[in-house]
Structures are given as C-alpha cells and as structure tokens.
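Notes follow the structure.
Quick caveat, the model's predicted, so the values are computed rather than measured.
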Amino acid sequence: MNINLPNFNVKNLVKEAGSTISRVVQLTEEKLGTTERTEYDLHFQNLAERADVTKTWTEKIVRDTESVLIPNPQNRVEDFIFEKIEKSKPKRLSNLEHLALDMIEAGGDFGQDLPYGQALIKVGQAEQKLGQCEHDFIATSGICFTQPLRKFLDGEMKTIGKERGILETKRLDLDACKNRVKKARSMLGQQSAERDLRVAQAEFDRQAEITKLLLDGISTSQASHLRHLHAFIQTQVRYYKQCGDVMEQLQRELAKMQHPKPRLRINSEDVDCGPPSSVSMHSCDSDSLGGIALDSDPDPDLDKSLTNLLEDFHIEFDTTAVSTVIFVTECSPINEDYMYGKQGLLKGLVPRAFVEMLDEEHDVTL
C-alpha cells in the first residue's frame, strides 16, 4: 500500500520557525520599550490613516443604507446567508403589500358597490403599486450603490489590509536584523547579520512601495464612489416621484367617487338635502317647522369648522302658530343654496330659499 506523503523541507520549516520567533521577540521588546522600531514616513502614515477612515465610514454607510432599504434585520441576515451559499433570495411581501392585500380583501367583504368598500379597494391597489415601487427601489439601490461599496470593502480594502500586514511583518524582520547586527560579536557573525539586514531592508522597501501604491489608489476609488452616490440619489428621486404620482392618482380617483348626500330630518323623516325645490316649507305644518336639523355631515366642500364661521345670524321661523329662533351663518366657502344653522344641540345645513332677512342686523325669517 503506497501512501503519498507531502515533501517537507525541514530546513525551510526551521528557518520559518526561527523567523516567527524573532518577530515575536522583536514585537515583545517594542511593546516593553526596550528596543527601537523603524517608523514609516509621514506620507505613508497619512495614507494609512486615510485608508482606515475610509474603511470605517464606508462600512457604516453600507450598513446604514441597507438598514434603510431593508429595515428588518432578520431579512438582511437571511439575504446575506443566501448570497454566501449562492442561492436566490426568497420572494417576500413588504409591509405595504401586506396592507394592500388586507385592504382589498376587506373592501370585497364590505361590498364593492358601497363607498367604503370601493375606497378600500382603490387604496389597496395604490398600496400595491407603492410596494412594487419599493421593490424596484431596493433592487436598483443595491446595484448602483451598496453592492459597489461592499465590493470595494471585500476586494480592494481587504487587499490593502493584507499587504499592510505583510509590510508589518517585513518591518519586524528588518528591526530584528538591526538588533542582531548590534549584538553580533564575531566578525563572521557580524557579516552574516549585515547580509541578512540588507536583504530585509530590500524586502521592506519593496513591500512599502507596493502598499503605498495601493493606498494611493483609494483616491480613485472614492471618485468612483461619488458616481455611485449620484446614482443612488437619482434612484431615490425617481422612487419618491413614482410614489407621489401614485398618491396623486389615488386622490383623483377618490375625489371622483360619489359621496353620500347630506340628509335633512323633518320630524324624524329623512329627505335628501338637494336643491331647495326638493323641500317645500308650504307642505309642512307648524309643528314640523320647529324640528328641522341635519342628521349627517354636510358635503365635504361645505363642511368647515365653526371656528371658520364668518358671523352669526338670527333667524326666525315665522308661522301662523309657532315662531322658532335659530342661529345661522354663512358656509365657508359661501354656498349659494345653503347656510349653516344651529338650534340647541341640533345643527346642520338650512336651505337658503326658506329664510329671509328680518332687518339690517342679519335677522332672518324662515
């Protein structure tokens, strides 16, 4: 039975182990302050600091943007897992779409021919459109903004971090060689230490140049990030405009829907508050004249708060047997057919054709 074992170079293993030990010793002595260390030049330090700041803030921006696009952290974790295992993300309904489905279903149960049922269905359909706009916004934002930034973090920034780690290792080897040169006693040992120092210095310089080039490339990356940011803003503008268009269309459709007419109650009998000719005071006896009140809210175009009333009027229901006094005011905006009246706890619209002014102080007679 033949077993293929890997070929180990014992000499290289011993050399690598010795290098690791010397680095650990060097790092320990640096932390204890018992030895000197090679410092990077000021330009390199500035580049390294800028790289650290770029990495930190880019991570935060990506994380915050994803939180805005997908507020549910569980969904974000689920999407991340599916990306790692290279599986398609599950199709999920947004909160808007859940609301839309419930509204449409409720509108059907309440009655599609009734005003409230019709309105619920209309609103539910609009919420569905908003949900689809939201899906498109999330997908487009991911493509044009979060994915490029995350690719930068997973690619370029990881490469920079790796090369900086190698550079730090070369720096430890260089300082370890410098210490060996200082401690060398014999001529042979000093020559070997100086040779190792020259090799370590060359490797350190070469690695420093490679790392510096990568750090300089961050400026180019940020210019690219600026373009991605503009694309993200354009996506937001388009998304909010689509949402605004959907809601304006919904408002127009709701406005076209027929609202129920106000009802005029005369002695507990409801009649439509239509044109004045639909109610004739001459057909009412003296007892009915004192019982006029509006049972439901006026037309929305006439329904205004009493705080917006222009001024109070004093009107008198002048009949052969009974005189009833109520207060009325002009509707806001002024309506040609109705005035707003109040008598005790009763209030509502009063047909203008049934009243007449009594004097210049705005007293009127019904």
Side-chain angles (χ1 to χ4, degrees), residues 23-24 26-27 30-31 36-86 89 134 136-175 200-240:
R23 293 166 191 161
V24 172
Q26 177 66 27
L27 185 60
E30 289 177 359
K31 290 183 178 297
E36 296 180 359
R37 59 168 293 169
T38 301
E39 298 293 342
Y40 301 108
D41 61 79
L42 184 60
H43 178 59
F44 184 90
Q45 292 180 13
N46 292 335
L47 292 176
E49 290 176 0
R50 188 180 65 172
D52 293 336
V53 171
T54 300
K55 180 177 182 295
T56 299
W57 282 112
T58 303
E59 289 174 343
K60 289 183 178 180
I61 290 172
V62 171
R63 185 167 58 249
D64 294 343
T65 305
E66 291 176 343
S67 299
V68 171
L69 298 176
I70 307 176
N72 191 333
Q74 182 177 350
N75 291 344
R76 295 199 301 274
V77 173
E78 189 179 51
D79 291 344
F80 176 77
I81 294 175
F82 276 98
E83 287 178 0
K84 292 301 180 181
I85 62 177
E86 297 182 354
K89 299 179 183 179
E134 184 181 34
D136 296 340
F137 170 60
I138 292 173
T140 306
S141 298
I143 294 173
C144 72
F145 188 61
T146 57
Q147 290 180 10
L149 264 63
R150 187 168 291 282
K151 184 178 179 181
F152 163 76
L153 292 171
D154 294 339
E156 186 173 343
M157 287 308 303
K158 281 189 175 181
T159 301
I160 290 175
K162 179 181 177 180
E163 295 300 327
R164 287 178 67 181
I166 295 175
L167 177 62
E168 183 64 13
T169 299
K170 298 298 183 182
R171 200 269 309 164
L172 289 172
D173 290 341
L174 175 61
D175 289 340
Q201 184 70 56
E203 292 180 352
F204 172 79
D205 293 339
R206 182 170 59 253
Q207 185 62 35
E209 288 299 321
I210 294 173
T211 307
K212 188 178 295 186
L213 289 174
L214 292 174
L215 293 174
D216 280 329
I218 291 181
S219 299
T220 305
S221 299
Q222 288 184 344
S224 177
H225 295 172
L226 179 59
R227 293 193 298 271
H228 298 319
L229 180 60
H230 281 291
F232 175 62
I233 296 304
Q234 292 175 357
T235 302
Q236 276 189 309
V237 171
R238 183 167 58 251
Y239 167 62
Y240 291 129

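- Residues Gln201 and Asp205 have side chains that bring a donor and an acceptor to within less than 3.5 angstrom of each other.
- Judged by distance alone, with hydrogens and angles left aside, the side-chain atoms of Gln207 form no donor-acceptor pair with the main-chain N or O of Ile166 at under 3.5 Å.
- The side-chain hydrogen bond (donor to acceptor under 3.5 Å, both in side chains) test with Arg164 singles out one residue from Thr211, Thr169, Asp52, Thr159, and that residue is Asp52.
- Interatomic distance, CD1 of Ile138 versus OG1 of Thr146, reported as 10.5 Å (0.5 Å rounding).
- Tested against Ile160 for a side-chain contact (heavy atoms from CB on, under 4.5 Å), the candidates Lys162, Glu163, Met157 yield a single pass: Met157.
- There is a side-chain donor-acceptor pair under 3.5 Å between Glu168 and Tyr40.
- Counted within 6.0 Å of CD on Gln74, heavy atoms from surrounding residues, nucleotides or ligands total 12 or fewer; the atom is thus considered open.
- Atoms CD and NZ, from Glu209 and Lys212 in turn, are 5.0 Å apart once rounded to the nearest 0.5 Å.
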Test log, rule side chain to side chain contact (heavy atoms under 4.5 Å, CB included), inputs Thr140 and Gln236: CA-CA 10 Å; Thr140 306; Gln236 276 189 309; over 6 Å; no

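- A donor-acceptor contact under 3.5 angstrom links the side chains of Ser224 and His228, judged on distance only.
- Taking OG1 of Thr235 as the reference point, atom CD1 of Ile143 lies at 9.5 Å (rounded to 0.5 Å).
- Qualifying salt bridge (charged side-chain N to carboxylate O under 4.0 Å, His left out) partners for Asp136, counting only residues two or more places apart in sequence or in other chains: none.
- Closest heavy-atom contact between Ile218 and Ala51: CD1-CB, 3.3 Å.
- Atom OG in Ser141 sits 5.0 Å away from atom CZ in Phe232 (nearest 0.5 Å).
- Closest approach of Phe44 and Ala208 over heavy atoms only: CE1-O, 4.1 Å.
- Annotation: side chain of Phe145 is in contact with side chain of Ile61 (closest heavy-atom distance under 4.5 Å).
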- prompt: Could you walk me through whether Asp154 and Lys158 pass the side chain to side chain contact (heavy atoms under 4.5 Å, CB included) check?
  reply: CA-CA 6 Å; Asp154 294 339; Lys158 281 189 175 181; 4.1 Å; yes

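- Looking at Ser219 and Arg50, their side chains do bring a donor and an acceptor atom within 3.5 Å of each other.
- Among all heavy-atom pairs drawn from Pro148 and Gly142, the shortest one is CD-O, 3.9 Å.
- In terms of heavy atoms, Ala48 sits closest to Leu215 at N-CD1, 3.9 Å.
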message: Let's go through Arg206 and Glu203 carefully: what are the C-alpha distance in whole Å and the side-chain angles of both, what is the deciding distance for side chain to side chain contact (heavy atoms under 4.5 Å, CB included) to 0.1 Å, and is it a yes or a no?
response: CA-CA 5 Å; Arg206 182 170 59 253; Glu203 292 180 352; 3.5 Å; yes

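- Remark: Asp173 CG to Phe204 CZ distance equals 11.0 Å, nearest 0.5 Å.
- Glu36 CD: 12 or fewer foreign heavy atoms inside a 6.0 Å radius.
- Under the 3.5 Å distance criterion, the side-chain polar atoms of Asp175 are matched with a main-chain donor or acceptor of Thr38.
- Taken from CG in Leu149 to SG in Cys144, the straight-line distance is 10.0 Å, to the nearest 0.5 Å.
- Between Lys151 and Glu156 there is no salt bridge, since none of the side-chain N atoms of the basic residue sits less than 4.0 Å from a carboxylate O of the acidic one.
- The closest side-chain heavy-atom distance from Leu47 to His43 is below 4.5 Å.
- By the 4.0 Å N-to-carboxylate-O rule, Lys55 lies close enough to Glu59 to be salt-bridged with it.
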